[in-house]
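We use all heavy atoms of the structure for the numbers below, so side chains are in, but hydrogens, waters and symmetry mates are not.
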Amino acid sequence: MANQNYNPFENAQTQFDRVAELLQLDEGTRQLLRQHRQEIHFTIPVKMDDGTTKVFKAFRMIHNDSRGPGKGGIRFHPHETADTVRALSMWMTWKCAAVDIPLGGAKGGVICDPRTMSAGEQERLCRGYIRRLKSLVGYNIDVPAPDVMTNGQHMMWMLDEYESVTGQRFPGMITGKPVGHGGSLGRTEATGYGVVYCLRECLKNMDIDITKTSASIQGFGNVAEYAARLYTELGGKVVAVSCWNAEDKTAYTFRKADGCDPAALAAIKDSFGSIDKAKAIELGYEVLPGDAWLSQDVDILIPAALENQITPEVFPNISKQVKIICEAANGPTTPDCDALIEKAGITLIPDFMCNAGGVTCSYFEQVQGNMNYFWTKEEVLEKLENAMTRAFQNIYDLAKEQNLYMRDAAYVIAIKRVAAAVKARGWC
Ligand code: NAD
């Protein structure tokens with residue numbers, strides 16, 4: 001479960017305030033950037049299969065669009081809140097700015113549980129969501145994408161509804177479309193691979209041979225799986241992965257001291273990233289409590305599941321061997337733990353840099369859609385690798401030059417870019 005003691009939007013504002021102060025940002029820009037340009041809260045009535053009508057609460061927010069149209073996913077989750085959407089849209093602004101793509105920060109969500117809804121009910125929910133937002137989204141306004149528990153099929157229903165009400169074809173109004181229907185090759189791998197491009201560069205800078213390192217990962221969903229695959233291909237050893245078990249309503253850590261096999265684990269997980277416990281035992285994995293991923297004697301920790309997982313309370317459980325925390329998830333570390341990580345001399349690759357591979361590939365999807373010409377997977381991944389490597393190195397170099405914690409260095413670069421756009425437009 002996500003840690004309920006922390007509010008992600010307050011975390012996002014705390015991180016921003018710290019760097020706004022460091023940069024001596026003027027008060028107007030500070031006020032503009034710590035809030036949202038637009039928040040839409042609405043309801044979607046959906047006819048359910050049993051003939052009743054259910055009303056779902058939904059959100060779409062644009063944090064800042066000074067550098068380009070809003071960009072960000074739509075989550076379908078029973079625990080979605082206005083504050084998670086606020087935090088995630090704010091982090092999208094910094095993410096797009098950190099990798100220097102011409103997009104702003106946005107996010108959406110619906111409080112629902114698609115696991116308990118039929119395909120027809122989900123389709124009506126998607127169509128209702130986008131019908132309500134028809135004049136507020138678009139390739140040049142705000143571009144949604146899949147996120148937690150939404151996928152390419154949901155995007156296609158939304159695209160079709162949008163095009164039906166507008167009477168024109170607008171493939172660029174949404175990304176994360178399936179390959180063959182306007183989607184980009186490489187999108188499935190993009191976020192996890194991007195995490196490892198950052199990690200690989202970080203290790204090079206620290207003069208550490210990746211083949212002599214080990215890692216422990218929280219999560220085994222889309223991001224974690226592809227991070228584990230590429231890290232293993234590059235010679236690293238994944239010692240443990242954890243994931244949620246819906247049947248037992250708890251998380252487990254699956255451990256293999258001589259190295260997990262990501263492909264074998266992927267073959268025994270379901271579409272929500274849960275590994276089959278019995279099959280894992282058959283394959284020789286030890287099954288430990290969910291939080292055991294954090295206390296492994298490894299060089300690298302990769303939180304790739306939920307927000308608010310690394311807190312002052314659990315920090316003492318982290319092994320002294322850990323040199324790098326690679327934030328693949330959004331907001332996995334609480335602001336009150338940053339000081340402890342920094343003091344312990346652990347290098348932290350901050351979330352909005354580390355997991356920016358996904359949005360970078362979404363941007364490539366838009367670019368390819370605009371040209372109506374699609375690149376090969378190799379071309380997409382090569383461009384992704386270049387973009388991620390360049391952005392990471394800028395942040396790493398700034399952190400070294402100015403003796404900054406890497407999260408602060410990433411914020412300095414991102415905030416400066418957004419503040420410059422806001423100023424150039426004459427908003428502040
Ligand atoms: P996913 O839904 O595919 O996988 C989530 C994983 O977390 C699953 O394996 C699930 O079992 C596990 N999990 C859930 N609760 C857990 C718990 N208590 N302990 C251990 N494991 C638990 O999600 P994803 O797309 O891989 O995203 C993971 C994180 O990365 C999220 O924070 C998401 O916002 C962020 N992210 C994803 C993308 C993307 O392209 N998918 C892009 C940027 C950021």
Side-chain angles (χ1 to χ4, degrees), residues 188-203 208-248 250-306 309-310 314 317-329 332 346-347 349 351 354-355 357-358 381:
T188 309
E189 296 85 353
T191 309
Y193 277 20
V195 168
V196 177
Y197 296 143
C198 292
L199 174 61
R200 182 194 63 193
E201 295 310 302
C202 190
L203 287 165
I208 298 173
D209 178 353
I210 195 166
T211 65
K212 298 200 168 61
T213 63
S214 56
S216 178
I217 306 181
Q218 186 189 37
F220 201 63
N222 169 261
V223 179
E225 178 192 331
Y226 285 94
R229 282 179 184 265
L230 184 58
Y231 173 68
T232 309
E233 262 174 47
L234 295 178
K237 183 167 78 172
V238 175
V239 170
V241 303
S242 74
C243 64
W244 184 252
N245 185 300
E247 215 171 287
D248 298 350
T250 188
Y252 293 117
T253 298
F254 298 91
R255 184 176 185 275
K256 211 177 217 185
D258 59 354
C260 302
D261 176 351
L265 287 175
I268 58 164
K269 75 168 188 177
D270 67 14
S271 62
F272 297 105
S274 289
I275 294 168
D276 186 312
K277 193 169 65 163
K279 289 185 181 152
I281 293 169
E282 269 173 38
L283 291 175
Y285 285 84
E286 262 179 272
V287 182
L288 305 172
D291 57 2
W293 75 278
L294 191 79
S295 52
Q296 299 299 309
D297 285 325
V298 289
D299 306 297
I300 300 149
L301 290 178
I302 308 181
L306 306 165
Q309 296 301 293
I310 305 183
V314 302
N317 303 339
I318 293 178
S319 162
K320 296 275 175 286
Q321 192 185 321
V322 170
K323 297 173 191 70
I324 298 175
I325 296 176
C326 204
E327 290 189 323
I346 298 172
T347 299
I349 308 178
D351 52 2
C354 194
N355 66 32
L381 292 178

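Looking at every heavy atom in both residues, Ala224 comes nearest to Ala304 through CB-CB, 3.8 Å. Contact record, Ala328 with Val223: CB-CG1, 3.9 Å, taken as the closest heavy-atom pair. Across all non-hydrogen atoms, the minimal contact from Leu265 to Cys260 is CD1-CB, 4.0 Å. Thr211 approaches Leu234 most closely through the heavy-atom pair CG2-O, 3.7 Å. The minimum heavy-atom distance between Cys326 and Pro303, with the atom names listed, is O-CD, 3.2 Å.
The main-chain N or O of Leu283 is found under 3.5 Å from a side-chain atom of Lys256 such that the two form a donor-acceptor pair. A donor-acceptor pair is defined here as one N or O able to donate and one able to accept, closer than 3.5 Å; such a pair exists between the side chain of Thr232 and the backbone of Ala228. Of the possible donor and acceptor atoms, one in the side chain of Lys237 sits under 3.5 Å from a partner among the backbone N and O of Ala257. No donor-acceptor pair closer than 3.5 Å links the side chain of Ser216 to the backbone N or O of Leu301. Of the possible donor and acceptor atoms, one in the side chain of Glu327 sits under 3.5 Å from a partner among the backbone N and O of Asp351. A donor-acceptor pair under 3.5 Å links the side-chain atoms of Ser274 to the main chain of Trp244, judged by distance alone.
For the atom pair Tyr252 OH and Ile275 CD1, the distance stands at 12.5 Å (nearest 0.5 Å). Thr213 OG1 to Arg200 CZ: the interatomic distance, rounded to the nearest 0.5 Å, is 13.0 Å. Once rounded to the nearest 0.5 Å, the distance linking CG of Leu294 with CD of Gln296 reads 9.0 Å. Distance CG/Leu288 to OG1/Thr253: 6.0 Å, rounded to 0.5 Å. Atom CG of Asn317 and atom CH2 of Trp293 lie 11.0 Å apart (nearest 0.5 Å). Here the OH-CG distance, from Tyr197 to Leu381, works out to 5.0 Å after rounding to the nearest 0.5 Å.
Counted by atom type alone, Ser319 and Asp297 present one or more donor-acceptor pairs between their side chains at under 3.5 Å. Judged by distance alone, the side chains of Asp248 and Thr250 never bring a donor and an acceptor atom under 3.5 Å apart.
Between Gln321 and Ser214, the closest side-chain pair of non-hydrogen atoms falls below 4.5 Å. Counting heavy atoms from C-beta on, the side chains of Thr347 and Lys323 never come closer than 4.5 Å. Inter-residue side-chain proximity for Val241 and Tyr285 is flagged as unmet; no heavy-atom pair is nearer than 4.5 Å. Taking 4.5 Å as the limit, some side-chain heavy atom of Phe254 sits within range of a side-chain heavy atom of Lys277. Between Phe272 and Cys243, the closest side-chain pair of non-hydrogen atoms is not below 4.5 Å. By the 4.5 Å heavy-atom criterion applied to side chains, Tyr231 and Val195 are not counted as neighbours.
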- Message: Ile324 vs Asp299, test: side chain to side chain contact (heavy atoms under 4.5 Å, CB included). Steps then yes/no.
- Response: CA-CA 7 Å; Ile324 298 175; Asp299 306 297; over 6 Å; no

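Shown here are the side chain to side chain donor-acceptor pair (under 3.5 Å) partners of Glu189, two or more places apart in sequence or in another chain: Lys377.
The existence of a salt bridge linking Lys269 and Glu225 is confirmed by a sub-4.0 Å separation between a basic side-chain nitrogen and an acidic carboxylate oxygen.
Taking the centre and axis of the six-membered ring of Tyr226, the NZ or CZ atom of Arg229 falls inside the cone set by 45° and 6.0 Å.
Between Ile325 and the choices Ile310, Ile300, Ile349, the side-chain contact (heavy atoms from CB on, under 4.5 Å) rule is met once, by Ile310.
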